[in-house]
**Q** 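Quick one: the structure is below, and I'll ask about it shortly.
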Amino acid sequence: MARHRAKANAKRQLLSVGVPIGLAAMLAFVGVGVLGMGLDGREPPAAPADTVAEKVRPTQRLVTVTVTGAGCHVFASTQGSKVLFNRLVKSGESVHFNTAPLILVLSDGGAARVFVRGVPQAAGKSGERQQVVIDR
């Protein structure tokens with residue numbers, strides 16, 4: 001009769017330990033999925049352009065944005081509206097892109113220089129928003 005009780009206790013112990021562990025694993029799986037998608041259902045942001053461009057030699061870079069002023073918000077997207085980059089870039093930092101067509105929007109056109117294949121583009125006016133479209 002003692003054996004029967006041991007089996008019953010083992011089943012109870014398995015349920016009392018197994019169920020919480022299973023629930024915790026399920027919550028972790030769902031949490032990772034939510035973080036991957038973002039809370040609003042959009043795709044997670046792309047890797048910063050600096051990390052992508054490090055694998056490419058400087059002579060192969062299509063577009064380089066170098067901030068020379070105090071700071072400039074840089075927004076870059078494809079013409080299909082896929083956001084590639086969207087953040088404040090500090091003075092002295094450069095951001096590189098190897099995608100075309102590309103739409104660049106600078107919050108302060110006078111605070112940043114844009115180079116396409118190493119050729120400097122016309123600088124914007126200080127304090128004014130500047131948009132640059134790179135076709136190829």
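Just so it is clear, the structure is predicted and the values come from calculations on it, not from any experiment.
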**Q** Is there a side-chain contact between Leu102 and Val133, using heavy atoms and a 4.5 Å cut-off?
**A**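 Leu102 does not reach Val133 side chain to side chain.
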
**Q** Looking only at heavy atoms, which two atoms of Val67 and Lys90 are closest? And how far apart?
**A**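 So the two residues come closest at CB-O, 3.6 Å.
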
**Q** Please report the closest heavy-atom contact between Thr66 and Ser94, naming both atoms and the distance.
**A**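 Looking at all heavy atoms of both residues, the closest pair is OG1-OG, 3.0 Å.
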
**Q** Is Ser91 reaching over with its side chain to a backbone N or O of Gly69, donor-acceptor style, under 3.5 angstrom?
**A**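 Yes, because the side chain of Ser91 sits within donor-acceptor range (under 3.5 Å) of the backbone of Gly69.
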
**Q** Can you see which heavy atom on Leu104 is nearest to which on Ala76, and at what distance?
**A**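 Shortest heavy-atom separation between Leu104 and Ala76 comes out as CD2-CB, 3.7 Å.
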
**Q** Return the minimal non-hydrogen interatomic distance between Arg113 and Gln121, and the atom names on each side.
**A**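 Heavy-atom minimum between the residues: NH2-O, 3.1 Å.
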
**Q** Are any of the side-chain heavy atoms of Val114 and Leu106 separated by less than 4.5 Å?
**A**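 Answer yes - side chains close enough.
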
**Q** Distance-only, no hydrogens or angles: does the Gln130 side chain make a donor-acceptor pair with backbone N or O of Ala122 under 3.5 Å?
**A**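 It does hold such a pair.
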
**Q** For the atom pair OG1 (Thr78) and CD1 (Ile134), what is the distance rounded to the nearest 0.5 Å?
**A**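 So the OG1 of Thr78 and the CD1 of Ile134 are separated by 12.5 Å.
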
**Q** Do side-chain atoms of Asn86 reach the backbone of Phe75 as a donor and acceptor pair under 3.5 angstrom?
**A**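 Looks like no, no N/O pair under 3.5 Å.
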
**Q** Any idea which heavy atoms bring Asp108 and Gly127 closest together, and the distance?
**A**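 So the two residues come closest at OD1-N, 2.5 Å.
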
**Q** Please check: side-chain N/O of Ser107 versus main-chain N/O of His73, any donor-acceptor pairing under 3.5 Å?
**A**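 Looks like yes, one N/O pair under 3.5 Å.
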
**Q** Testing the basics here: between Leu62 and Thr99, what is the closest heavy-atom pair and its distance to 0.1 Å?
**A**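 That would be CD2-O, 3.4 Å.
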
